[in-house]
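Every chain is numbered from 1 and lettered A, B, ... according to where its sequence line falls, protein lines coming before strand lines.
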Number of protein chains: 2
Amino acid sequence: MAKRNVRLTRDAIVECAMTLADAEGLEAVTIRRLAQENGVTPMAMYWHFNDKDALLDGLADHLISSVKLPAPGSGPWDVQLREILEAFVVAVRPHPALAGLILRRILIADAGLELAERVLALLGEAGFTAEKTAEVGTFLMCSIITLAAADPATGPHVEGRDADELHRRKRAHLETLSPARYPNVVAAAPALLNCRGQDDYFALNLDLLVQGVRGIRRS
Amino acid sequence: MAKRNVRLTRDAIVECAMTLADAEGLEAVTIRRLAQENGVTPMAMYWHFNDKDALLDGLADHLISSVKLPAPGSGPWDVQLREILEAFVVAVRPHPALAGLILRRILIADAGLELAERVLALLGEAGFTAEKTAEVGTFLMCSIITLAAADPATGPHVEGRDADELHRRKRAHLETLSPARYPNVVAAAPALLNCRGQDDYFALNLDLLVQGVRGIRRS
DNA sequence: ATGCCCCTTGTACGTCGTACAGTTGTCGGA
DNA sequence: TCCGACAACTGTACGACGTACAAGGGGCAT
């Protein structure tokens, strides 16, 4: 993996960290591992990033700025809101291991502020007060991240486990449940284990969020 | 902190870990720290738990089983659903640092299965197919956990930072924003920094979720 | 060639989870 | 009264982690 022909770059490190996180999870993203991956000493990282948190912030910022916001059209607010939220999930979905890093950077990264600005504007247009706008907007951002985060079987933002093994254990456990005691869980068991990652799941719950915003508009 | 008069117990350890997490965050919950807190050698923990993950699972299970489900009344499904979701948030809210641990244990812990069963049953009653029931139910559980997790300024499930310092930095950053470029963000800035932890926030977004479910019922 | 500055290396420390083996306290049957 | 057996705990050690600190090299303008 040593590619020590050129100098190291912030962006190169971030890129490397992203593919690493996608392939092996966030817990594989280690200063030492990143250094080794680039044929370099661990301490070399610290020239490009103050500390590991700064590196993770870099990852988050990179992910946030990959959101392709639709042009600020003139359609009804709920349609526009849905488009923006969808653009957000679409960008984050390919990197579920990193989803948890995003939240704390949304109001810091430029792209995140742009995103927040658009969402808050639409909520204002929908008739929410400034305070409710903040509350709903915050929750929407959190929900989208949740939506895009990893499979519940592996657990979002909980790393350090063998995903396959956990998934198998969960399946085995669900199969031992008494259908008399948990009829609905047993009936939904295959879907519960499977539903994440399906386009259906995202579309349906994006609708849920937008319809929810519409539903609480007057109150 | 050494209270070595009685033998150690799984429950005692879990209890200790919970107060520790509430006071100093999940990153303070360490095998060594827990041992020291109980006046015992680190390795003593491994008699009661196979490894640290088992300990965290114990924490999650304890938290899940603290949910006080309302009696299965006979009101309309959406009212009952809201009551259940509210009971969930109420139980988890006091322990935001642990919220992230819950998800992967919901379909394993008995109390979690009970919770899932009730939610899925109500969704079935609302007219969802088995598959959509699973999708919506999964998302609802995730959202409630998200809702109950820590302040976005400190970042849910992201530990290892000084919360106060981060909050101050965020506030400072928001105050430097150009109101021309981000009018809505600037207008909502105080609320954005503050809204979490307010009862208002939880009530409003619980409504959002329930109304959302109602909104997507027929489709 | 020389000096400077950007980038990298080398070494070391403290913390973490935990494998492995040994030690104690307690208690029921002889 | 003794005695093993088993439950609960101790002691030591290892490898991985983040990172402080100081020293080194290598390309560029002079």
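- Atom CD of B/Glu27 is separated from atom C1' of C/dT15 by 13 Å (rounded to the nearest Å).
- Among A/Leu107, A/Thr146, A/Leu85, the one residue that satisfies the side chain to side chain contact (heavy atoms under 4.5 Å, CB included) test with A/Met141 is A/Leu85.
- Straight-line distance from the CE atom of B/Met43 to the P atom of C/dA19: 7 Å, rounded to whole Å.
- Atom pair B/Met45:CE and C/dC16:C1' shows a separation of 15 Å (rounding to whole Å applied).
- Annotation for B/Leu123 and B/Thr133: closest pair CD1-O, 3.6 Å, computed over non-hydrogen atoms.
- Here A/Arg118 does not pair with A/Glu114 in a salt bridge; the nearest charged N to carboxylate O distance is not below 4.0 Å.
- Regarding contacts with the backbone of C/dT8, a side-chain N or O of A/His48 is found under 4.0 angstrom from either OP1 or OP2.
- Listed nucleotides: D/dT10, C/dT9, D/dG18. Nearest to the side chain of A/Thr30: D/dG18.
- The side chain of A/Arg7 sits closest to C/dT8 out of C/dT8, C/dT18, C/dT9.
- When each of A/Ala28 and B/Thr41 is assigned the nucleotide of DNA chain D with its nearest heavy atom, B/Thr41 is the one assigned upstream, toward the 5' end.
- If you check C/dT18, D/dC9, D/dG18 against the side chain of B/Ala44, the one that comes closest is D/dC9.
- Rounded to whole Å, atom P of C/dC16 lies 11 Å from atom CG of B/Leu34.
- Distances from the side chain of B/Trp47 to the nucleotides D/dG18, C/dT8, D/dA7 place D/dA7 closest.
- Across all their heavy atoms, A/Val136 and A/Phe128 have their closest contact at CG2-CE2, 4.4 Å.
- We find that OH of A/Tyr46 is positioned 7 Å from P of D/dA20, with the value rounded to whole Å.
- Between B/Cys142 and B/Leu103 the shortest side-chain heavy-atom distance falls below 4.5 Å.
- Rounding to whole angstrom units, CG of residue B/Leu55 and P of C/dT18 are separated by 10 Å.
- Across the protein-nucleic acid pair, B/Ile31 atom CD1 and D/dC17 atom C1' stand 16 Å apart, rounded to whole Å.
- Which of D/dG18, D/dC9, D/dT12 sits closest to the side chain of A/Arg32 comes down to D/dG18.
- Counting to the nearest Å, the P atom of C/dC16 and the CG atom of B/Asp53 are 17 Å from each other.
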